[in-house]
Amino acid sequence: MEQQQPQRGRGRGNLRGAAGVPGRQQPDWKAANPQGGNGRPGEPAAAATGAAPTSSRVCAVQQRSAVGPAGDAPGRGAMRGNRRVEEIVVTRLPNAPTKQGISGTKTVLKTNYFRLVRKEPNKSVFQYRIDFEPVIEDVRLIHELLRVQGPTIGPYIFDGTMLFLYNKLKSEEVELQVKDNRRDTGLYKLKIRHVGTVDMASEKAMMILNLMHRQAMGSLKLLQMNRNFFDPVAKITIPQYGLELYPGYATSIRQHEADIMLCVEITHRVLRTDTCYKTLLDMQRHPPSYKDNFKKALIGSVVMTIYNDKTYKVTDVDFNVTPSSTFSKKDGSNVSFMDYFKQVYNITIRDPRQPMLVSVPSLRMQRAGVTGPIMLVPELCRLTGITEDMKRDFNLMRAIADHTRIGADKRIERLQRFNSRLQDTKESCEVFQYWKTELDRRLVEVPARTLGQESIIFRLDSAGVPAGPEADWSSAFRSNKMFKTVPLQNWYVVCLRGQEGLIKDFLGCMQAAAKTIDFHITHPQTVLVRDDLPNSYAQVLQDLVNKDPQLIMCVVSNDRADRYSAIKKKCCVDRAVPTQVIKARTITPKGGNPRTLMSVATKVIIQLNCKLGGIPWIVKNPLSSVMVVGFDVCHDPKDKSKSYGALVATMYAAGKSPEPRFFSSIEPHARGEELSSFISTNIVKALRSYQKEFGAGVLPRRIIMYRDGVGEGQLSQVVKHEVSAIKGRLADVYANTPEMKAQLTIVVVSKRINSRLFQGGRNPPPGTIVDDIITLPERSDFYLISQTVRQGTVSPTGYNVIYDESGLKADQLQVYTSKQTHLYYNWCGSVAVPAVCQYAHKLAFLTSQYLNKQPHQMLENRLYYL
């Protein structure tokens with residue numbers, strides 16, 4: 001059914017056990033070719049470990065220098081040696097007003113942070129370049145050879161090719177002869193050359209502290225997969241589904257407001273017990289199409305190699321390259337994949353004729369000099385993560401959730417056990433002692449505030465209904481009408497023959513629910529389809545859309561994607577007709593009692609009203625002339641090079657009705673293409689729609705944009721280009737209204753963050769704000785918990801104000817953001833992000849997954865994507 005409750009998990013390879021966003025990654029009914037032979041095998045070398053200012057906030061980017069000597073070009077060694085320190089994007093001026101708010105009830109929360117104290121804060125670390133002759137490709141061998149030199153070089157941190165020492169060597173350049181005692185491979189010449197000094201008060205110090213912490217983590221006998229560490233001893237086996245869950249930790253050290261802190265998040269990794277080769281054998285049982293089926297099963301998935309425990313994303317399958325094919329090593333010699341794995345890992349590949357998996361190097365790997373495709377042997381790869389079919393298996397997801405949804409009290413216990421394990425293990429304790437650092441044993445406590453309950457307004461002459469302690473007002477519809485309704489008089493129901501009785505019972509529930517919330521609905525015409533195939537629905541819909549109905553409801557037997565796509569394309573692209581798709585199972589009475597469907601019917605009625613242009617409820621809006629904008633991006637699963645960026649605006653005008661008006665726009669863009677032009681152009685379109693709604697000379701005084709879909713590495717791009725592009729277009733639009741200047745505010749919204757907040761041994765209530773201690777000094781940022789979760793640990797949402805000329809105080813912007821989380825009409829409760837962000841995601845997801853084209857322009861003022 002298109003109305004969905006919030007999902008309780010992320011459904012990704014790494015499972016955090018925290019609540020997700022309602023409807024996240026769900027359709028509305030259910031919540032270049034690499035050349036073979038030139039690639040390299042997947043190997044360790046390919047793995048990386050306040051009040052608003054009176055004038056606009058100035059955004060700046062502080063570039064951190066890359067690790068490595070000046071003038072040294074990135075080599076072809078391990079990519080860690082070419083690690084680039086990420087730039088700090090500074091969006092807060094030194095003299096900026098306070099970013100701490102005052103509203104709400106004060107409280108104190110625990111977090112998943114530990115303070116890290118340096119005993120010699122002014123001490124510098126010495127940086128050395130390290131090279132082996134001949135070149136060693138096995139990073140584990142390099143670490144082993146360095147470990148033997150511990151008495152000579154002292155405490156060290158090794159990053160692939162860079163060596164960081166706490167004590168300076170006597171000579172600027174040192175040459176040593178080292179031998180691999182495990183294998184008779186002769187002597188290696190080890191060259192160590194001094195290339196620089198790292199000031200531990202600089203930003204680069206954070207990189208070194210993270211490397212130090214990873215060294216300490218390595219002594220706990222954990223399995224490192226990319227950046228996270230997992231405990232294979234504590235793995236959880238789910239044999240009936242062929243899965244293993246590896247519990248682990250996602251950690252990072254960063255400078256926060258006044259202290260350096262270690263953030264620790266409990267995470268899980270899902271691995272299949274079978275290899276990709278087993279999948280290949282299963283596909284070969286259907287000879288005519290096994291190659292296509294194998295590609296569909298593997299492309300886009302993430303695999304873990306069993307020989308180095310690294311993960312790679314599969315981008316292609318090359319049936320022309322096999323393990324018996326050869327490739328060029330770093331020294332220029334040719335070797336077959338079979339011989340390579342035998343020599344380096346002592347692994348014998350059994351099937352020399354199996355195809356090879358292809359993985360295109362990530363941007364991080366490309367920066368390190370790895371430009372060619374990485375070739376992987378299916379026999380040596382295990383699939384990770386959860387497929388879409390697995391997500392649809394309720395019993396499987398429940399089995400996983402039983403282990404990954406960790407409550408606040410249990411999470412605190414595991415964090416404290418982790419701290420004790422890290423500090424009580426001799427080897428890890430020595431690492432901290434060598435580097436003169438100390439990890440606090442106590443979880444960091446932070447001051448917080450909990451806002452009062454928001455009032456949900458169903459009619460203008462009412463003060464509203466309190467949202468409740470859990471921010472859930474679904475029961476309020478028993479005694480309240482919707483704020484604005486649009487009569488539904490001309491509509492159709494499309495279903496399979498034999499479902500007429502089921503439809504009749506559910507329509508009766510809808511009529512009863514509609515009377516309660518003052519929604520006028522007439523009896524629809526029922527149209528039968530001959531079968532459940534996509535073309536059958538498309539043919540019926542083709543006839544119905546020509547009759548210009550208000551809405552069409554389609555009842556389907558399951559969540560088949562191609563049928564759903566056919567329905568939505570016909571009604572959202574070819575014509576502008578709102579549709580509602582419902583599974584027959586959703587409207588089947590439980591226990592044979594039709595009254596059990598009243599809750600479902602009420603939610604459907606609310607959703608239908610929204611799609612027709614109605615408004616279920618509003619909240620008090622303190623800003624009368626404002627346009628609130630949300631933006632998000634989703635990728636096209638069929639064409640990885642294409643994404644869709646969706647913009648949704650909620651518009652209010654001074655002196656007009658308090659009900660919001662909506663505008664939406666979505667456009668495709670290619671990978672690597674800047675989004676600044678798309679966003680600025682669509683904001684102009686939204687302003688034109690604003691004028692169309694409220695008057696040709698009317699423009700909003702304030703524009704508040706919540707920018708979703710921004711990763712940490714993309715923040716610089718947003719600050720450098722998007723802000724200036726939007727400002728430039730706004731100047732053009734407002735040029736004819738000199739008495740008014742657009743007051744722009746841009747807030748970056750981050751959902752997938754590792755920060756967690758605890759109130760005692762439970763989750764904090766909705767409306768909880770943290771804006772100090774664990775926030776970042778270079779940002780005007782805050783955390784907001786805006787929703788309740790029934791299971792697991794609630795995830796706060798991070799907000800980073802990168803540009804602000806609104807004139808609002810930090811407290812006012814925090815409160816306004818909290819209000820926006822109460823306006824998502826697909827759920828009678830608050831959600832994790834402002835409603836415009838969730839609307840933008842729903843539109844981007846619908847278009848990228850099912851429409852693959854821009855929707856009909858006549859739908860741009862409707863919430864048709866709910």
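- Smallest separation of non-hydrogen atoms from Val198 and Ala205: CG1-N, 4.4 Å.
- In this structure, Tyr113 and His256 have perpendicular ring planes: the angle between them is above 60°, well past the 30° mark.
- Checked by atom type and distance alone, the side chain of Gln215 pairs as donor or acceptor with a backbone atom of Tyr156 at under 3.5 Å.
- Looking at Leu675 and Val633, their side chains come closer than 4.5 Å, going by heavy atoms from C-beta outward.
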Is there a salt bridge (Lys or Arg N to Asp or Glu O under 4.0 Å) between Arg417 and Asp424 once you walk through the steps?
CA-CA 10 Å; Arg417 286 203 307 268; Asp424 296 340; over 6 Å; no

Determine, step by step, whether Leu163 and Leu146 satisfy the side-chain contact (heavy atoms from CB on, under 4.5 Å) criterion, reporting the C-alpha distance in whole Å, the side-chain angles of both residues, the deciding distance to 0.1 Å, and the verdict.
CA-CA 10 Å; Leu163 196 68; Leu146 277 178; 4.2 Å; yes

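- For the pair Ser420 (side chain) and Gln416 (backbone), a donor-acceptor distance under 3.5 Å is present.
- Here the CE-CD1 distance, from Met261 to Ile773, works out to 6.0 Å after rounding to the nearest 0.5 Å.
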Take Glu712 and Arg779 through the salt bridge (Lys or Arg N to Asp or Glu O under 4.0 Å) test and state the conclusion after the steps.
CA-CA 13 Å; Glu712 191 71 23; Arg779 299 182 181 179; 2.7 Å; yes

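- Distance alone, capped at 3.5 Å, places no donor-acceptor pair between the Asn112 side chain and the Cys263 backbone.
- Side-chain atoms of Ser202 come within 3.5 Å of backbone atoms of Asp199 as a donor-acceptor pair (strictly under, hydrogens ignored).
- Heavy-atom minimum distance, Tyr246 versus Arg382: OH-NH1, 4.0 Å.
- A 4.5 Å side-chain heavy-atom check between Thr384 and Arg269 finds at least one atom pair inside the cut-off.
- Ring orientation note: the planes of Tyr340 and Phe327 are nearly perpendicular, at an angle over 60° on the 30°/60° scale.
- Crowding of Lys410 atom NZ: a count of heavy atoms from other residues, nucleotides or ligands under 6.0 Å not exceeding 12.
- Separation of atoms CZ (Phe164) and CZ (Phe126) is listed at 13.0 Å; rounding is to 0.5 Å.
- Checked by atom type and distance alone, the side chain of Asn210 pairs as donor or acceptor with a backbone atom of Ile253 at under 3.5 Å.
- In this structure, Gln423 CD and Asp440 CG are separated by 8.0 Å, a value rounded to the nearest 0.5 Å.
- A cation-pi contact links Lys123 to Tyr166, judged by a cut-off of 6.0 Å to the six-membered ring centre and 45° from its axis.
- Side-chain contact between Leu176 and Tyr188 is absent, with no heavy atoms from C-beta onward closer than 4.5 Å.
- Looking only at side-chain heavy atoms (C-beta outward), Thr91 and Tyr803 stay at 4.5 Å or farther from each other.
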Residues Arg193, Glu172; criterion salt bridge (Lys or Arg N to Asp or Glu O under 4.0 Å); working and verdict
CA-CA 6 Å; Arg193 177 167 53 93; Glu172 290 293 300; over 6 Å; no

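- Residue Leu116 holds its CG atom at 10.0 Å from CG of Asp259, rounded to the nearest 0.5 Å.
- Separating the CD1 atom in Ile266 from the CD1 atom in Ile412 is a distance of 11.0 Å, to the nearest 0.5 Å.
- The heavy-atom pair separating Thr797 from Ser750 by the smallest distance is CG2-O, 3.5 Å.
- Among all heavy-atom pairs drawn from Tyr128 and Leu169, the shortest one is OH-N, 2.9 Å.
- Inter-residue side-chain proximity for Thr111 and Ser755 is flagged as unmet; no heavy-atom pair is nearer than 4.5 Å.
- By the 4.5 Å heavy-atom criterion applied to side chains, Ile88 and Leu776 are not counted as neighbours.
- Listed for the Ser219 side chain is a donor-acceptor partner under 3.5 Å among the backbone atoms of Ser428.
- Between Lys235 and Glu244 there is a side-chain heavy-atom pair separated by less than 4.5 Å.
- With a 4.5 Å cut-off on side-chain heavy atoms, Leu383 and Ser301 count as touching.
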Worked check of side chain to side chain donor-acceptor pair (under 3.5 Å) between Arg756 and Thr793:
CA-CA 8 Å; Arg756 296 293 180 267; Thr793 305; 6.0 Å; no

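- For the residue pair Lys313 and Ser359, the shortest heavy atom distance occurs at O-OG, 2.9 Å.
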Before giving the answer on side chain to side chain donor-acceptor pair (under 3.5 Å), spell out for Gln343 and Asp339 the whole-Å C-alpha distance, their side-chain angles and the decisive distance to 0.1 Å.
CA-CA 6 Å; Gln343 295 168 9; Asp339 292 341; 5.2 Å; no

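- Side-chain polar atoms of Thr326 and Asn334 form no donor-acceptor pair below 3.5 angstrom.
- Screening Phe418, Phe114, Phe229 against Tyr249 for a ring-ring contact (aromatic ring centres under 6.0 Å, His included) leaves a single residue, Phe418.
- We find the CD-NZ distance between Glu438 and Lys119 to be 5.0 Å, quoted to the nearest 0.5 Å.
- Ring geometry, Phe432 versus His213: the interplanar angle falls from 30° to 60°, so the pair is classed tilted.
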